[in-house]
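Chain letters run A, B, ... following the sequence lines, proteins first and then strands; every chain starts at 1.
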Amino acid sequence: MTTDSQNAERTMGAAPVRLCKRCQEIEATTIMRTEPLCSNCFVEYIKKKVAKQLEAYRIKNASKNNRRRVLLPISFGVSSLSLLHVLDGHLQSQIRRTNRTGYELHVLHVNTSGVDADAPQIGRLEVLKEKYPRHTYSELTLEDVFDHANEYLETTLRDVNINIGDVAPPSSKHEKLVGLLSALPSPTSRADVVETLRNNLIIAFAKENDCQSITWGDSATRLAEKTISETAKGRGFSLPWQISGGESPYGLHVSHPLRDVLKKELVIFAENVDPPLTPLIHSRPAPTMTSAPAKSTTIDDLMGQYFASIEESFPSIVANVVRTTSKLRAPEVTEGQSRCDLCGLPLADSDASLGEGESSAQSLVQPEGNLCYGCARTTLGSRFTPHS
Amino acid sequence: MPPTPCARCHTSRALIIRPKNQEKLCKACFLTVFETEIHETIISNALFQRGERIAIGASGGKDSTVLASVLKTLNERHDYGLELVLLSIDEGIKGYRDDSLETVKRNAVQYDMKLEIVGYGELYGWTMDQVVEQIGKKGNCTYCGVFRRQALDRGAARLGITHVVTGHNADDVAETVLMKVLRGDLPRLSRTTSIVTSSAASDIKRSKPLKYAYEKEIVLYAHHKKLDYFSTECIYSPEAFRGSARTLIKNLERIRPSSILDVVKSGEDMAKLVPPEVTGTSCASAGAVSSADGAEEGAGGCGSANGRGSGGEMAHMEKRLVENEAAEGRETEITLPKSSTVSNGQSKQPSNAQQARPARMPRKLPQQTMRKCTRCGYLSSQDICKACTLLEGLNKNRPKMQVEIGLEDEEGSSTLRRQMEGIALAGA
Ligand SMILES: [Zn+2]
Ligand SMILES: [Zn+2]
Ligand SMILES: [Zn+2]
Ligand SMILES: [Zn+2]
């Protein structure tokens, strides 16, 4: 069977120009899965793919007097910036068509530069405000978790200074945070707790600011990474809440509109929108690839590298991991069910202690308090205990 | 600097850093804690009953040798009241199996246990060497795995035993959990994570007493106990998903030694979250090797704990998924011009795009009902069990059978495996 584009290729002779398969007019610049596309059609393709995930944000689904507020956490990575760009366009087209919108966007950046030298500096949100002026913007620092923590974490963090205070009690939020992190046993644990605190802060902020929904910029690749990474951290029980989206146990709606788009596709997307998003992106130094992971490597780093390779050769396998994991069903959450003191997720009976086959764990410092398996593991052997 | 004292007895000098948790122990305390953890696993899961006869799936490798040694020790120390028997499979692989069987024979004498050997030759009329001669080196692990599962059951039945213990360790279980997540094969996750599995395909119960034991500690235990085991790995490489998962587990262990236990724990929890309507159906719609007849859960050696197959599995699954996507595209993307919808189905990817395959796999497979194989009487989800299907192909002198489990893609599979190995390294 011959197609137009194959014909086009053939008639061009020695130096074949491959025409875009969608518009059949412009030279294809990229191959989307198997289809050669021009940059215009590629950008439209991605937008359409994301729009399919925005069903909940349609105008007809918004009630008249109670417009939905959606929180969009921005990390300045390619994914969350791409999502901001797409949602901005989505809102503009809603206005063009009907003169109203189905939701309002509140953009939040949690700055972690206090504990992460590679993180973006404070104040970068200004550029976004200029470029996409119709939305509300807020910036918090990770240290603000001591003021905004949700009900579960609040008590935990209040006690922190007592437990880590082997020297003088920390005088500032920053010292408190640094003390907390340095009490943890490994880079993986520190990265894990930073992520947990960041999530808690974002959720608490969403609730304080009447956002009914949080929309995350995770790509399919990132969700697949998270699936294996959380599995490796003993947090398999939390995957339905982290990967599937929908109602979260924190009482908010959660969505991942980029769940069908690969990270590498977002990189091309960001280069091809006009003007490109590329200058806005904060790029972290690429972790070096060696045959054995270094001491400072975290589990998240390892999975990031692994899936960057997998998505090159086997993109559909990445998408399939996300698709299957999304089929896991979250357990019922009952009112008053006990929660993890650190991450705030509901605890099942079996979560109470560390695993089987660890009789010797008794000789180590067992974390006290009510922790899920993942948080118990992350704090095991640390000087950090949630309750004194 | 004074020598570090053992963290347990505080008297002897610590010589071993426990791979599981970095505890510094003397040799005696290490051996004791290793045995004690297995004893605790046996007790807390009520694995055995007094007076029970247990067949230990013995390959002569480190896992099953340590399992036999520890079970003998614990049976005597805690008076379990078990009768322990060694059960070995002779696949008929010259050089590999001959030597390991000699090891098992010596173990039988050392541990004073009865030994039963069942051969593929007597069971199926084909040794693995003959199978390899017939079909070539690729894909023969499919045969080995299917044959092995039945062989263990048949050997146990011959001994009148209904409980087989296998040497699967924590690394094996963790590896299989990651592999299943990567392969999108969650429905039967509980088969991997359960310490006891009784399958619809067999009357014989299986359990894995070493489920929480680290491979590194098994090696240490065998070394310090001076156990006699056979250490040559099977001559065939693991298939791509397995190899990829194995590299991940090794790297995870390096980053955080508890990761192996943590993956096992996650796997156990996730198995509980698989919705009932998905269990027993192929929700991934591609790549999920049906394991109702369980090619993957055998004991030690080739094909089992190591689930061998050809290297193209990952690429094969990618291809199937792309085809499924294209097929769905044909149904849903009605806005596209006709030409592109038609060509959608043809992958432009290099190699094997031309191979005709059914455009679309069924989204859901019907619930499997088990019946007896009409040829051999073994329980099966089909009229003819997989072993008999494979045998039919062999007997008809065909180079290879196109059955569901034969996922390998002869052409280019070695290149793809190399590619995968590259990834595994890069991901390291
Ligand atoms: Zn075009
Ligand atoms: Zn937790
Ligand atoms: Zn000792
Ligand atoms: Zn049969």
Practice task
Go through the atoms of Ser189(A) and report whether side chain, backbone, both or neither lie under 4.5 Å from a heavy atom of chain B.
Solution key: both

Handout entry: Lys/Arg-Asp/Glu bridge criterion (N-O < 4.0 Å) met for Glu37(B), Arg18(B)
Key = yes

Practice task
Output yes when Lys265(B) and Asp262(B) qualify as a salt bridge under the 4.0 Å nitrogen-oxygen rule, no when they do not.
Solution key: no

Problem - Leading residue by heavy atom contact count with chain A [cutoff under 4.5 Å; candidates Lys250(B), Arg256(B), Met270(B)] - result: Arg256(B)

Problem - Lys21(A) bridged to Glu35(A) by N-O distance under 4.0 Å - result: no

Practice task
Check each atom of Glu230(A) against the heavy atoms of chain B and say whether the ones under 4.5 Å are side chain, backbone, both or neither.
Solution key: backbone

Fill in the blank from the handout: Applying a strict 4.5 Å limit to non-hydrogen atoms, the region of Pro331(A) in contact with chain B is both

Completion exercise
Correct closest heavy-atom pair for Ile299(A) and Thr188(A) would be N-OG1, 3.2 Å

Problem - Engaged part of Pro315(A) at the chain B interface, taking heavy atoms whose separation is under 4.5 Å - result: both

Problem - SB check Lys47(A) Glu44(A) (cutoff 4.0 Å) - result: yes

